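No hydrogens, no waters, no symmetry mates; every other heavy atom, side chains included, goes into these values. Computed from a prediction, not measured in an experiment: that's the story for all the values here.
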Amino acid sequence: MLHAIARMLDPLLRLLWPPPPGRHRPPCAHILSVRPLPEPGPRPVPAPEPYLRGEDSPLVRPYLLAHERRQAEARRQRGRRRALWLAVHGIDIGPRVIHGREVAA
């Protein structure tokens, strides 16, 4: 790992701080020997993952389920109250099917 870091930093350091001029220093004393990297083979292409939809996920936040249940129950209760209020005023909008049998309104 240290050799790889030295290979990456060596060209940068040579650009920033060129070697000082001098008679007794060889010009290429600080150059590291660099081995060529092996040719990479073809990379395997990963299969695309299908898009996940929230409805397909088994993980559902419980407070969302509780909110939906409360909304459905409130909707049914409003319907029952409306039917009762209309029945008090003489308008019958009761259920069309009682115990599996259709009734006339």
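- Applying the side chain to side chain contact (heavy atoms under 4.5 Å, CB included) criterion to Arg80, with sequence neighbours excluded, gives Glu73, Arg76, Gln77.
- Here Leu65 contributes atom CG and His67 contributes atom NE2; the two are 11.0 Å apart, rounded to the nearest 0.5 Å.
- Under the 4.5 Å side-chain heavy-atom criterion for Ile, Leu, Val, Met, Phe, Trp and Tyr, Val88 and Leu86 are members of distinct hydrophobic clusters.
- Distance check: Arg69 CZ to Leu64 CG gives 11.0 Å after rounding to the nearest 0.5 Å.
- If you take CG on Leu9 and CG on Leu16, they are separated by 10.0 Å, rounding to the nearest 0.5 Å.
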